[in-house]
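Worth knowing before you read on, the calculation uses all heavy atoms, side chains too, and leaves out hydrogens, waters and symmetry mates.
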Amino acid sequence: MATESEVGELLHQRGWRTVFTVADRVNAWAALVCAIERGYGDDVYEYTNDLYCRNWLHEAWLPLDEHVVQLWTPRIEALDAQYKAATIDDDGLALGQFHRLPGPDLWWWRRHPSILTGDLGRSLRSAGAVGADADADADTDTA
């Protein structure tokens with residue numbers, strides 16, 4: 001079992017761009033979930049990049065000390081539940097048109113935001129995604 005800093009170093013050695021901490025990646029996951037709930041406004045490539053914060057947490061969990069895992073698991077599970085509530089499971093059909101999907105244990109890659117807005121929404125709709133259209137709602141509010 002490894003400490004948080006040891007896991008950050010280990011994952012950096014395995015190819016992650018920097019030495020992250022669990023708090024860094026949990027905060028990034030929380031920010032992404034919040035953005036999805038509001039209507040993610042960036043493009044599909046930024047979205048797929050943002051999803052990697054959850055990958056880091058997944059990779060870090062096995063080597064981490066049990067104490068750290070117990071400390072952070074409730075927060076991550078709560079964020080995962082929020083993410084599931086704000087997304088639609090399409091088994092990665094839409095997102096897979098733009099990014100190679102990882103294995104099925106990385107379930108967050110097989111979902112897309114239920115609010116489809118901006119560049120991401122247009123891209124995912126072009127790939128067959130179905131969801132609420134926040135852009136259309138904004139247009140009708142101003143008409």
Side-chain angles (χ1 to χ4, degrees), residues 2-141:
T3 66
E4 232 181 297
S5 59
E6 290 169 342
V7 168
E9 280 292 338
L10 174 68
L11 293 182
H12 179 55
Q13 291 169 6
R14 289 183 184 170
W16 287 90
R17 67 179 165 85
T18 193
V19 178
F20 293 112
T21 66
V22 174
D24 291 336
R25 300 298 77 199
V26 169
N27 289 338
W29 185 229
L32 177 58
V33 169
C34 183
I36 292 168
E37 289 172 331
R38 289 189 319 264
Y40 189 90
D42 222 325
D43 65 32
V44 68
Y45 304 104
E46 191 62 28
Y47 179 73
T48 57
N49 184 64
D50 290 347
L51 281 176
Y52 277 97
C53 66
R54 186 62 179 84
N55 287 42
W56 189 96
L57 291 167
H58 181 78
E59 286 185 41
W61 241 232
L62 277 179
L64 265 174
D65 286 334
E66 185 62 29
H67 171 73
V68 177
V69 169
Q70 288 178 359
L71 179 71
W72 285 102
T73 294
R75 177 71 174 130
I76 294 168
E77 287 177 346
L79 289 168
D80 287 352
Q82 282 179 252
Y83 178 79
K84 287 177 181 176
T87 57
I88 295 169
D89 184 350
D90 74 343
D91 200 31
L93 294 176
L95 201 53
Q97 300 294 314
F98 302 96
H99 192 281
R100 189 180 68 74
L101 297 178
D105 55 329
L106 305 182
W107 56 266
W108 49 94
W109 285 92
R110 287 167 167 63
R111 305 182 70 86
H112 66 76
S114 57
I115 298 173
L116 298 175
T117 189
D119 289 340
L120 176 65
R122 282 187 289 282
S123 294
L124 293 177
R125 281 188 194 286
S126 76
V130 178
D133 186 349
D135 293 334
D137 293 343
D139 292 343
T140 59
D141 290 344

Side chain to side chain contact (heavy atoms under 4.5 Å, CB included) assessment of Leu57 paired with Val26:
CA-CA 8 Å; Leu57 291 167; Val26 169; 3.9 Å; yes
Is Arg111 reaching over with its side chain to a backbone N or O of Ala86, donor-acceptor style, under 3.5 angstrom?
no
Within a strict 4.5 Å, meaning less than it, do heavy atoms of the Leu51 and Tyr83 side chains meet?
yes
Side chain to side chain donor-acceptor pair (under 3.5 Å) partners for Thr18, two or more places apart
none
Contact check, side chains of Pro113 and Leu124, non-hydrogen atoms, under 4.5 Å:
yes
So which heavy atom on Ala30 is nearest to which on Arg75, and how close?
CB-NH2, 3.6 Å
Rounded to the nearest 0.5 Å, what separates atom OH in Tyr52 from atom CZ in Arg17?
13.0 Å
Can you tell me how far CD of Gln97 sits from OG of Ser123, rounded to the nearest 0.5 angstrom?
11.0 Å
Would you say the side-chain atoms of Asn27 pair up with the backbone N or O of Ala23, donor to acceptor, closer than 3.5 Å?
yes
Check whether any side-chain heavy atom of Tyr47 lies under 4.5 Å from a side-chain heavy atom of His99, and answer yes or no.
no
What heavy-atom pair brings Gln82 and Val33 nearest, and what distance separates the two atoms?
CB-CG1, 3.5 Å
Looking at His67, I'd like to know if its NE2 atom is crowded, meaning that more than 12 non-hydrogen atoms belonging to other residues, nucleotides or ligands lie closer than 6.0 Å.
no
With no hydrogens and no angle check, just 3.5 Å: does a side-chain donor-acceptor pair link Asp89 and Trp107?
no
Between the main-chain N or O of Trp56 and the side-chain N or O of Arg25, is there a donor-acceptor pair closer than 3.5 Å?
no
Are Phe98 and His112, when compared by the centres of their aromatic rings, separated by less than 6.0 Å?
no
Provide the closest heavy-atom pair for Leu101 versus Gly96 in the form atom of the first, atom of the second, distance.
CG-CA, 3.9 Å
Tell me, with the steps shown, if Asp90 and Leu95 meet side chain to side chain contact (heavy atoms under 4.5 Å, CB included).
CA-CA 9 Å; Asp90 74 343; Leu95 201 53; 5.9 Å; no
Looking at side-chain heavy atoms only, is the closest gap between Val22 and Trp61 below 4.5 Å?
yes
Rounded to the nearest 0.5 Å, what separation is found between the CG atom of Leu116 and the CZ atom of Arg125?
4.5 Å
Counting C-beta onward and ignoring hydrogens, is there a side-chain heavy-atom pair between Ile36 and Thr87 closer than 4.5 Å?
yes
How many angstroms lie between atom CD of Gln70 and atom CG of Leu64, to the nearest 0.5 angstrom?
12.0 Å
Spacing of Lys84 atom NZ and Ser114 atom OG [to the nearest 0.5 Å]
15.0 Å
For the student: nearest non-hydrogen atoms of Trp109 and Asn55, plus distance:
NE1-OD1, 2.8 Å
Restricting to ring pair (Phe, Tyr, Trp, His ring centres under 6.0 Å), what partner residues turn up for His58, sequence neighbours left out?
Trp108
So, do Leu120 and Val44 sit near enough that their side-chain heavy atoms are less than 4.5 Å apart?
yes
How about Asp65 and Glu6: do any of their side-chain heavy atoms sit closer than 4.5 Å?
no
Are Asp50 and Tyr40 packed together at the side-chain level, in the sense that at least one heavy-atom pair is separated by less than 4.5 angstrom?
yes
Checking side chain to side chain contact (heavy atoms under 4.5 Å, CB included) for the pair Arg54/Asp80: CA distance, chi angles, key distance, verdict?
CA-CA 9 Å; Arg54 186 62 179 84; Asp80 287 352; 2.9 Å; yes
Here the pair of heavy atoms bringing Ala127 nearest to Ala94 is CB-O, 3.7 Å
